[in-house]
There are 2 protein chains.
Amino acid sequence: MKLEDAKLKYIHTWGSLATNWGINKTMAQVHALLLVSTKPLSADDIMETLKISRGNVNMNVRALIDWGIVNKEFVVGERKEFFVAGKDIWELFKQVTKERKKREIEPVLKVLEDLKNDVEDNSEEAEDFKKMMGDLSSVTTTVNGILDKAIKADEHWLLSNFTKMIKK
Amino acid sequence: MKLEDAKLKYIHTWGSLATNWGINKTMAQVHALLLVSTKPLSADDIMETLKISRGNVNMNVRALIDWGIVNKEFVVGERKEFFVAGKDIWELFKQVTKERKKREIEPVLKVLEDLKNDVEDNSEEAEDFKKMMGDLSSVTTTVNGILDKAIKADEHWLLSNFTKMIKK
DNA sequence: TTTTATTTTCAGAAATTATTGAAAGTTTAA
DNA sequence: TTAAACTTTCAATAATTTCTGAAAATAAAA
């Protein structure tokens, strides 16, 4: 396969995979495009390659910037804005994990904590419910903690420590 | 707050959280309902509590069974089917992780591997692309491996090993 | 058998989410 | 200043996903 075809295939495959896990197709494609691009791209470049509207490009690029995985970049002699995606995949993983933690895990913990505290009742059934909320909280907290370590870790550090750990 | 209200609040909150991370609202609600229920529920029970149609209950209950987190259960003297959700949250976490690995991570690895192999070109740019696919693969594989360990682990084992590990 | 209870399916309707495109807003250059 | 280049916004529309409800299929009881 020719390089350009492989790049396009990657971009489109990434987009359809993304929809399987609740991520907007276009957003995934824009990121994939920037990831395999050798130079910063303008909104026009993205519009043309992905055949999408200016508004759509703008929205999704801003969302990616908001996730901290795409940056604006100035190009000498050009007035318009250009965009780049960081090429370090471990950094990308850490950034996405950090955001998902903030957006998806932490709100869950808050809700569970509140629910546990709000039940006045002291029946056995109420105690069971509180235990259930507590268990959900506790597993979520454990996962959250693990992800925290991963975010702070260096790829090799994490890998080698894991290897050590699992051999015990 | 009264116990029944807290349960309903949990069920509805869980549903709306689920939509934030790409999971069908009703599916999350049905699971939450079964989780906090003290007894097996029939399709009619679920329809009534969540105010949804029979078809919708059927579809989502089957999806939950497919995910391995809800089971059919027979109730003596009753002809219809009843459903229960496992109450062990650590087991639930492991099961969900296992399925997500299979549905979301493994197909990604396949795609990346294929793309890397399909590029004939040997230009520097092509090598960069292959490296990028390789990096994506490698991080995904690492994460996949970590999740594998988590799936096989006992909650306390994992927690204590992590604690040990992060203190290094 | 035949009848009755229950589950499943699936076409159409409803709800939700994503996209367009043009107008409004902003920034830079002349 | 004013004009041109560019970005952002957002109402209307399109696409996608979810849900309903009734009919078909299946299973148990009579």
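None of the values given here were measured: they were computed from a predicted structure. Labels below follow one simple rule: chain letters A, B, ... track the order of the sequence lines, proteins then strands, and each chain is numbered from 1.
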Are [X] and [Y] linked by a side-chain donor-acceptor pair shorter than 3.5 Å?
X: E127(A); Y: N122(A); answer: yes
X: N144(B); Y: D148(B); answer: no
X: N56(B); Y: S53(B); answer: no

Rounded distance [0.5 Å steps], CD in E125(B) versus CD in E4(A):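 Answer for the CD-CD pair, E125(B) versus E4(A), is 6.0 Å.
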Pairs: protein N or O with nucleotides 9-11 of chain C N or O, under 3.5 Å:
residue: dT9(C); atom: OP2; partner: R62(B); partner atom: NH2; Å: 3.1

Donor-acceptor under 3.5 Å (H31(A) side chain, M27(A) main chain):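 No: the side chain of H31(A) does not pair with the backbone of M27(A).
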Between atom [atom1] in [X] and atom [atom2] in [N], what is the gap in whole Å?
X: I52(B); N: dT8(C); atom1: CD1; atom2: C1'; value: 15 Å
X: D44(B); N: dG21(D); atom1: CG; atom2: P; value: 14 Å
X: L64(A); N: dA18(C); atom1: CG; atom2: C1'; value: 15 Å
X: I65(B); N: dT7(C); atom1: CD1; atom2: P; value: 11 Å
X: K51(B); N: dG21(D); atom1: NZ; atom2: P; value: 14 Å

Pairwise N/O distances under 3.5 Å, protein to nucleotides 26-30 of chain C:
residue: dT27(C); atom: O2; partner: R79(A); partner atom: NH2; Å: 3.2
residue: dT28(C); atom: O2; partner: R79(A); partner atom: NH2; Å: 3.3

Co-members of the apolar cluster containing V75(B) [side chain, <4.5 Å]: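 Reading the cluster by chain and number, V75(B) sits alongside F82(B).
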NZ (K131(A)) with more than 12 external heavy atoms under 6.0 Å: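 No - once you tally the heavy atoms of other residues, nucleotides and ligands closer than 6.0 Å, there are 12 at most.
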CD/E124(B): more than 12 non-hydrogen atoms of other groups inside 6.0 Å: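 Not buried by this count: 12 neighbours or fewer within 6.0 Å.
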Listed nucleotide nearest any side-chain atom of N60(B), set dT8(C), dC19(D), dT19(C):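 My answer, after comparing the listed nucleotides, is dC19(D).
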Nucleotide nearest S53(B) (side chain, heavy atoms from C-beta), chosen from dT8(C), dT7(D), dC19(D):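 Minimum distance to the S53(B) side chain belongs to dC19(D).
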In a table with atom names and distances, give each donor-acceptor pair under 3.5 Å that connects a side chain of residues 32-39 of chain A to protein atoms at least two apart or in another chain.
residue: S37(A); atom: OG; partner: K39(A); partner atom: N; Å: 3.2
residue: S37(A); atom: OG; partner: K39(A); partner atom: O; Å: 2.6

Within residues 14-40 of chain A: residues closer than 4.0 Å to DNA chain D (heavy atoms):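 Going residue by residue through residues 14-40 of chain A, none turns out to have a heavy atom under 4.0 Å of DNA chain D.
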Listed once per pair and sorted, the salt bridge (charged side-chain N to carboxylate O under 4.0 Å, His left out) pairs that draw on residues 59-76 of chain B, sequence neighbours left out: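 The answer is D66(B)-R103(B), K72(B)-E81(B).
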Pair E120(A) + K2(B): basic N to acidic O under 4.0 Å: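 K2(B) and E120(A): not salt-bridged.
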